Amino acid sequence: VVDAVGAAAASAFESLGFNAISDVATEGFGDWVGDFQESIDSFVAVAFLSFVIGIVYLVLLRFFIGVCVWLAVLSTIFAFFLGGGFLFVLSGQCEGAALLDTGKQTAVAIVVAGHTAVTDAVNGGGASEAMTGDGADYRGRQQRSKYGKKCLNWETQGIYPRYRASNYTALSPANTTMNYCRNPYLASDENKARTIWCVTSDPLILWEECIPIGVIQPDCPHGYAVSDKNMRDAFKYLSYVVWALGIVWVIVILIFVKRIRLAIALNKVAAEYLAMNPSTLLIPICQALVAVLWCLAWFASISFLLSQVPDAYTPKGYYATFAEAAGTGSACNFWETGPECTGTPGACTNKWPTGSVWKDSNCTIDADTSEAKCWRCAPPRYVFDIRFWISFFVFLWNNAFNVALGQMLIAMAVGLWFFSTDKMKTFVTGKAVRTVFRYHLGTVAFGSFIIAVIQFIRYLMKYFEKQAAAQKNRVMVLLLKIVQCCIWCFEKCVKFLNKNAYIQTALMGTNFCTSAKKAFYLILRNMLRFGTMAILGSAIRSIGIFFITSATVFLGYLILRSMHPDVSPFVPLVCYTFVGYFVGKLYTNVFGLAVDTSLQCFLACEEMKIGGDFVPGCLKKFIDNKGNEDDKSARVKPTSED
């Protein structure tokens, strides 16, 4: 097109095309904004409704938490065996065959083989399932087609009346045909089946091929979907491993039944608490507002600090080549080594943040080599100095403090509610706020300071990684990535310990160090319980987010159709999805912390051997049973002197 109409016309076409796309995008964005503005009233209604859905979810959770947990457990078992089955079927899938058809064929073969083995074990005896070639010599007892359809008796079926024992030796009574699969044909027959088959009872499929009993994965004469034999063997052996892990998982679940029941009871307690004290949800909402305002103020101030690039930061000289100024890169992968994989830093790009390189029209001439030097360095748009790092640490500390304060407030509220005798009349949120702000802000500040220090070190390692990358030091870059990964894992562990330390402080009133020590040993003593709660908690949170989000979107669509039937539902539904997800995360995060606090309250009652009317009903049997066991173990057996 360019050659035909010339560069000018091509430029015009390109401009028209770009303008058309730009106009469509602009009109589309404008329509989206217009749809949202027109349906803003329905958005407000759906946002309010989403919080109501969260309350309804918590109420339902009190009654159906057991069903949800056991469904989640069964789904994990199903996932193990389904995953193993997928790998096993994939290892024997023939070329051109659908995966579902191959899976059905494999399932039928396994069921028939198992049923036949049990029948032979009970009744004794059995027939040979040997078959060679096209199966003309097959005399086995297969009565099902490869997809599980029941075979008809050869002598009574009327679909193909010529297949009778009087016409084919393979169907004679001496071969005990009945409705067994066979491959009957004469040498003079023009149409011969490639393997054994039978007439089926399915009126839509008159006949179908069969597989001998015990053959789970028949050979594929036309090749396999996975052509590499080593890969097929790997899939098969991996399926055995997955099935073995599934069996181990079933055994673990059977061992942990009591702990799972305790986890269900604790989740019921947390749901009951939130249903009675929905004001607790104001805590994370206030946290989010404070975090947004703080981040906006910090971003405004840090933008000024980042933009202060010192004049001496950028070299002022001239360079003869682009490579001398910008350096050379490496096309090798990170695991490859050698001189060809070593890049060279440039004079303008040997530190991070790096600037850019530009070519000056007013070149200088080197006095020694008479070489023109035209390449120069441009400064970066931002740099990091000591002022930034101080401000950044304050930012991390404030964010960690905000998160820790919310955890402490919720833990305090749950603890006050758990140990109160009149749970319906106890307003715990306000009392928790007063107690934490009066007695425990130092604990929150110290715990958040530790998190901020760890995060600061991790980001500092990221800065050093960028500097090493600017210096083309690939080994140092890799080492710093590993260090960052280790620090990230350590940060997650400390966050988990801090959360439980705040719960200890809320329950016992101890300082941070004492609470962290108690929380650490409490986790060690009850590692299996904490592990069970963590696994089931993640499943319940996922169910909660899905339920609240999907219900919000569904009901939001109905509201939108009733209030604004002419508005396109795309943009409003996207907004409803974000609202539902946000509310779901809000509820499930508070719910998760309530569960963790309830667990520590239960452990406190258990270890301190206390109980009473304050214990929630669904936990009483666990505390009473523990107390009865302790009483029995503490009894002294009578002696002969008594």
Side-chain angles (χ1 to χ4, degrees), residues 81-120 126-165 168 170-171 175-185 189 191-227 229 232-233 235-236 239-240 243:
F81 289 96
L82 183 63
F86 171 77
L87 293 172
F88 185 80
V89 170
L90 194 61
S91 68
Q93 183 183 1
C94 295
E95 180 68 29
L99 184 64
L100 291 179
D101 291 340
T102 306
K104 183 178 180 181
Q105 173 182 310
T106 303
V108 169
I110 293 174
V111 171
V112 171
H115 178 267
T116 304
V118 172
T119 302
D120 291 346
S128 173
E129 292 292 325
M131 186 185 83
T132 59
D134 58 8
D137 60 344
Y138 176 73
R139 297 297 180 266
R141 297 170 297 163
Q142 179 62 275
Q143 304 178 52
R144 296 274 179 179
S145 69
K146 64 180 182 180
Y147 292 129
K149 297 178 178 59
K150 187 173 181 59
C151 297
L152 297 178
N153 192 304
W154 292 99
E155 297 298 318
T156 58
Q157 57 87 17
I159 299 175
Y160 302 107
R162 69 189 183 93
Y163 287 102
R164 297 283 190 265
Y168 295 92
L171 302 179
N175 292 325
T176 61
T177 57
M178 297 175 61
N179 61 336
Y180 298 146
C181 295
R182 293 289 186 266
N183 188 11
Y185 64 87
D189 289 346
N191 297 322
K192 300 176 182 178
R194 62 181 181 179
T195 186
I196 58 176
W197 60 281
C198 72
V199 181
T200 72
S201 57
D202 190 338
L204 300 179
I205 301 177
L206 303 181
W207 68 277
E208 199 166 58
E209 293 180 348
C210 305
I211 300 173
I213 298 174
V215 177
I216 307 301
Q217 290 183 325
D219 294 332
C220 298
H222 302 294
Y224 293 86
V226 180
S227 57
K229 185 179 185 305
R232 294 200 303 272
D233 292 339
F235 283 149
K236 180 181 291 187
S239 68
Y240 297 153
W243 282 333

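Treat the numbers as computed from the prediction; the structure is a model and nothing was measured.
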Exercise. How far apart are the closest heavy atoms of Y224 and P218, and which atoms are they?
Worked result: OH-O, 4.4 Å
For this session: Assess the side chains of R162 and Y168: does a donor N or O sit below 3.5 Å from an acceptor N or O?
Result: yes
Exercise. Do I196 and N183 come within less than 4.5 Å of each other through their side chains, counting heavy atoms only?
Worked result: yes
Seminar exercise, completed: All heavy atoms of H222 vs all of R194, minimum pair found to be NE2-NH1, 4.0 Å
Exercise. If every non-hydrogen atom of T102 is compared with every non-hydrogen atom of A97, which pair is closest and at what distance?
Worked result: OG1-CB, 3.8 Å
Problem set entry | Y240 vs F88 side-chain heavy atoms within contact, under 4.5 Å | yes
Exercise. Under the 3.5 angstrom rule, does the side chain of E209 hit a backbone N or O of T195 as a donor-acceptor pair?
Worked result: no
For this session: Give a yes or no answer on whether the side chain of N179 reaches the backbone of Q143 with a donor-acceptor pair at less than 3.5 Å.
Result: no
Problem set entry | Minimum side-chain heavy-atom gap P184-W197 below 4.5 Å | yes
Exercise. Got a second to check how far N153's CG is from S201's OG, nearest 0.5 Å?
Worked result: 12.5 Å
Exercise. Do Y147 and D101 come close enough that some side-chain heavy atom pair is under 4.5 Å?
Worked result: yes
For this session: May I ask you to decide if F81's main-chain N or O and W243's side chain share a donor-acceptor pair within less than 3.5 Å?
Result: yes
Exercise. Hey, are the side chains of F86 and L99 touching, using non-hydrogen atoms and a 4.5 Å cut-off?
Worked result: yes
Problem set entry | D189, CG: over 12 other non-hydrogen atoms inside 6.0 angstrom | yes
Exercise. About how many Å separate CG of D120 and CZ of R141, when rounded to the nearest 0.5 Å?
Worked result: 4.5 Å
Seminar exercise, completed: Contacts of D233 meeting side-chain hydrogen bond (donor to acceptor under 3.5 Å, both in side chains) (sequence neighbours excluded), chain-then-number -> K229
For this session: Please list, chain by chain and in numerical order, all residues satisfying salt bridge (Lys or Arg N to Asp or Glu O under 4.0 Å) with E208, sequence neighbours excluded.
Result: K149
Exercise. Is there a donor-acceptor pair closer than 3.5 Å between any side-chain N or O of T200 and the backbone N or O of I205?
Worked result: yes
For this session: Could you tell me whether the side chain of R139 reaches within less than 4.5 Å of the side chain of R182, counting heavy atoms only?
Result: yes
Exercise. Can you tell if the side chain of V199 reaches within under 4.5 Å of the side chain of Y163, non-hydrogen atoms only?
Worked result: no
Exercise. Do the non-hydrogen side-chain atoms of Y180 and Q142 ever get within less than 4.5 Å of each other?
Worked result: no
Exercise. Is there a donor-acceptor pair under 3.5 Å between the side chain of R232 and the backbone N or O of G92?
Worked result: no
Exercise. Is D219 reaching over with its side chain to a backbone N or O of P221, donor-acceptor style, under 3.5 angstrom?
Worked result: no
Exercise. Between I211 and Q105, what is the shortest heavy-atom contact and its length?
Worked result: CD1-NE2, 3.4 Å
Exercise. Within the side chain of E129, is there an N or O that forms a donor-acceptor pair under 3.5 Å with the backbone of I213?
Worked result: yes
For this session: Would you name the heavy atoms of A98 and Q93 that are closest together and state the gap between them?
Result: C-NE2, 3.8 Å
Problem set entry | Cysteines C198 and C210 with SG distance under 2.5 Å | no
